[in-house]
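Everything numeric in this text was worked out from a predicted model, so none of it was measured.
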Amino acid sequence: MVRDTDWSMDSIDIDRIVRSRRRTFSLEIERDGRLVVRAPQRASMKAIREVAEDKRQWIERKREVARKKYAEVHPKRFVDGERFLYLGSEYLLSVDGRTESPLEFGGGG
């Protein structure tokens, strides 16, 4: 049996392994950059590591994309003029105490 400690320090970090009755391997990069490997039930740790190492460049590229994409998310302040994304459209927040409805959507910008 191959243990995580049997691998060199520069090996790809696998954050989660999901085993199932599948026949193929699947690699997923989550929003926070964590690597999830979906593997056949009987796949050895060695085989899982080899798949990850073979896809090292793809994994590193996707992790960098995830870091850049989700690092840009800033907490909302809910002030006049702030932009919001809703169902694929961007909206400009206009704070107006005169409306009867608590929330209204105008055209996406």
Side-chain angles (χ1 to χ4, degrees):
M1 178 175 182
V2 178
R3 290 184 219 110
D4 286 339
T5 56
D6 296 336
W7 295 88
S8 66
M9 294 300 286
D10 65 339
S11 65
I12 294 289
D13 289 331
I14 299 173
D15 299 292
R16 195 170 92 207
I17 298 171
V18 179
R19 296 175 185 269
S20 65
R21 296 182 67 182
R22 64 185 302 128
R23 294 182 185 192
T24 59
F25 289 89
S26 170
L27 303 176
E28 299 172 14
I29 303 297
E30 295 184 338
R31 293 178 138 210
D32 58 2
R34 292 185 299 160
L35 173 62
V36 177
V37 177
R38 296 185 182 278
Q41 192 71 41
R42 294 181 181 238
S44 67
M45 278 302 297
K46 182 178 180 182
I48 293 169
R49 287 274 181 201
E50 286 174 354
V51 168
E53 289 298 327
D54 286 345
K55 296 295 184 177
R56 173 185 286 276
Q57 289 180 341
W58 179 88
I59 292 167
E60 290 173 352
R61 196 170 56 243
K62 293 299 181 180
R63 280 182 167 167
E64 185 62 28
V65 168
R67 273 192 284 275
K68 286 180 180 176
K69 184 175 182 178
Y70 297 108
E72 296 173 2
V73 177
H74 302 288
K76 295 296 183 186
R77 298 177 309 158
F78 300 97
V79 296
D80 201 45
E82 189 171 14
R83 296 185 180 276
F84 284 83
L85 189 62
Y86 179 70
L87 296 178
S89 295
E90 191 173 69
Y91 294 89
L92 194 63
L93 179 64
S94 175
V95 179
D96 183 2
R98 297 174 293 177
T99 61
E100 293 179 22
S101 173
L103 179 65
E104 292 180 6
F105 284 95

Path from W58 to I17 over hydrophobic side-chain contacts below 4.5 Å: yes

Which atom of I14 lies closest to which atom of A52, heavy atoms considered: CD1-CB, 4.1 Å

Set of side-chain contact (heavy atoms from CB on, under 4.5 Å) partners for R77, sequence neighbours left out: V79, E82

Residue pairs, two or more places apart or on separate chains, that pass salt bridge (charged side-chain N to carboxylate O under 4.0 Å, His left out) and touch residues 16-25: R16-E30

Presence of salt bridge, R61 and E64, under 4.0 angstrom: no

Euclidean distance, S11 OG relative to R49 CZ, rounded to 0.5 Å: 4.5 Å

Sole candidate of R56, R63, Q57 that passes side-chain hydrogen bond (donor to acceptor under 3.5 Å, both in side chains) when paired with E60: R56

Identified side chain to side chain contact (heavy atoms under 4.5 Å, CB included) partner of I59 from the options V37, I12, D13, D54: I12

N/O donor-acceptor pair under 3.5 Å between D15 side chain and L35 backbone: yes

Minimum heavy-atom distance between Y86 and Y91, given as atom pair plus value: O-CE1, 3.8 Å

K76 (side chain) donor-acceptor with R83 (main chain) under 3.5 angstrom: yes

CZ-NZ distance between F25 and K55, expressed to the nearest 0.5 angstrom: 12.5 Å

